[in-house]
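As the structure lists them, so they are numbered: ligands from 1, and atoms in each ligand from 1.
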Amino acid sequence: MVKFTYYGHSCFLLDDGKYKVLADPFLTGNPLAAIEAEQVACDYILVSHAHGDHLGDAAVIAKRTGAMVLAIPEVLEICQEQVGEIQGHGMNLGGSVKLPFGKVRMTLALHSSGVAGGVACGFVIQIGGVDVYFAGDTALFHDMKLIGRKEPIDYALLPIGDNFTMGLEDAALAAQWLNARNVIPIHYNTWPVIRQDAERYKELTEQTSRATVHIVNPGESLEMT
Ligand code: NI
Ligand code: MN
């Protein structure tokens, strides 16, 4: 079992009771942020790409907490330019790393990277007996079928905001192609341009896939089993 806490936009925390894994900590300047960057506790930070609404406060939090940042090398360089030396672990698409809580695999994402020579990515995180797929920012892509085949996805965190990423229909198809058991929509309602009806997404996805959709509001938690 692992406790999922949503901090708004694409930022969330996975806590297995011993280790805390934070993702895309855009808190400063995030209108929906449910916690301040100065207050968040974590041991690892996953960063999907260098856009400000994902890289966010990652470097500052890593510096303060000593947490290890997992990202592509180009993103780690930005972190070090911002705050100096941090604990960083460079990865790239398709690579996995074993960590004390489980395993993290860096997956494809179809999105711009925010840094020259970089790529955007997603992650599959094995923690607390569940496999969590964090899609990052992405368009729908057919290889999502392979992600779900390699690691059966217990929970998929999918962007539904449209404009910058998948919208409702594509994110519903993503749930189906991933064969995800559960889905949590993210990356919506932060600004008017990505306003979405999460209830409609839930209806659409549950009609067209096997997934149960959990609408988790910023500041709320969910026990993942
Ligand atoms: Ni982006
Ligand atoms: Mn984004």
Side-chain angles (χ1 to χ4, degrees), residues 4-14 21-35 37 40 45-62 69-79 81-82 90-93 106-125 132-141 143-144 147 155-175 178 183-198 201 215-219:
F4 166 88
T5 302
Y6 186 41
Y7 289 143
H9 202 57
S10 284
C11 182
F12 63 88
L13 187 79
L14 298 174
V21 182
L22 182 70
D24 282 5
F26 164 53
L27 298 169
T28 305
N30 175 354
L32 299 183
I35 194 167
V40 71
I45 305 173
L46 310 179
V47 181
S48 67
H49 63 299
H51 288 152
D53 61 319
H54 297 263
L55 179 58
D57 302 291
V60 171
I61 295 169
V69 178
L70 286 89
I72 61 165
E74 291 83 355
V75 168
L76 293 180
E77 275 174 36
I78 296 179
C79 290
E81 279 164 21
Q82 288 178 352
M91 299 182 69
N92 222 311
L93 303 179
M106 188 175 265
T107 63
L108 286 187
L110 199 53
H111 188 77
S112 63
S113 67
V115 53
V119 290
C121 71
F123 294 95
V124 176
I125 310 138
V132 181
Y133 169 54
F134 167 43
D137 274 1
T138 189
L140 181 68
F141 56 94
D143 281 2
M144 283 181 180
I147 295 174
Y155 289 81
L157 310 178
L158 303 178
I160 67 162
D162 214 338
N163 194 77
F164 303 113
T165 67
M166 299 187 283
L168 300 192
E169 288 80 13
D170 283 4
L173 200 49
L178 290 160
V183 172
I184 301 173
I186 58 172
H187 207 274
Y188 67 101
N189 286 358
T190 318
W191 304 288
V193 69
I194 56 170
R195 189 158 293 284
Q196 286 295 353
D197 183 349
Y201 175 69
I215 298 170
V216 183
N217 296 307

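Between the side chain of Tyr6 and the backbone N or O of Ile184, no donor-acceptor pair lies under 3.5 Å.
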Report, one line per pair, each donor and acceptor closer than 3.5 Å where one atom sits in a side chain of residues 51-62; sequence neighbours left out.
residue, atom, partner, partner atom, Å
His51, ND1, His49, NE2, 3.1
His51, ND1, His111, NE2, 3.2
His51, NE2, Ser112, OG, 3.4
Asp53, OD2, His9, NE2, 2.7
Asp53, OD2, His187, NE2, 3.3
His54, ND1, Asp24, OD2, 2.7
His54, NE2, Asp137, OD1, 3.1
His54, NE2, Asp137, OD2, 2.9
His54, NE2, His187, NE2, 3.4
Asp57, OD1, Thr28, OG1, 2.7
Asp57, OD2, Leu27, N, 2.9
Asp57, OD2, Thr28, N, 2.8
Asp57, OD2, Thr28, OG1, 3.3

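Judged as a side-chain contact (heavy atoms from CB on, under 4.5 Å), and not counting sequence neighbours, the contacts of Val115 are Ala50, Glu74, Val75, Ile78, Ser113. Every residue two or more places apart in sequence or in another chain that forms a side-chain contact (heavy atoms from CB on, under 4.5 Å) with Leu140 is listed here: Met144, Met166, Asp170, Leu173, Ala174, Trp177.
The Ni ion (ligand 1) does not have Asp53 among its coordinating residues (no N/O/S atom, backbone or side chain, under 2.8 Å). Residue contacts to the Ni ion (ligand 1): His54 brings no N, O or S atom closer than 2.8 Å.
Considering just the N/O/S atoms of His49, the one nearest the Ni ion (ligand 1) carries the name NE2. Shortest distance from the Ni ion (ligand 1) to Asp137 is reached at OD2 (N/O/S atoms only).
To the nearest 0.5 Å, the span separating CG on Leu13 from CD1 on Ile45 amounts to 10.5 Å. Residue Leu32 holds its CG atom at 9.0 Å from OH of Tyr188, rounded to the nearest 0.5 Å. Put simply, CG on Leu14 and CG on Leu46 are 8.0 Å apart, with the number rounded to the nearest 0.5 Å.
Angle ND1 (His51) to the Ni ion (ligand 1) to NE2 (His111): 90°, rounded to 10°.
Checked against the 6.0 Å centroid criterion, the rings of Phe134 and Phe12 qualify as a close aromatic pair.
Counting only protein N, O or S atoms, 4 lie closer than 2.8 Å to the Mn ion (ligand 2).
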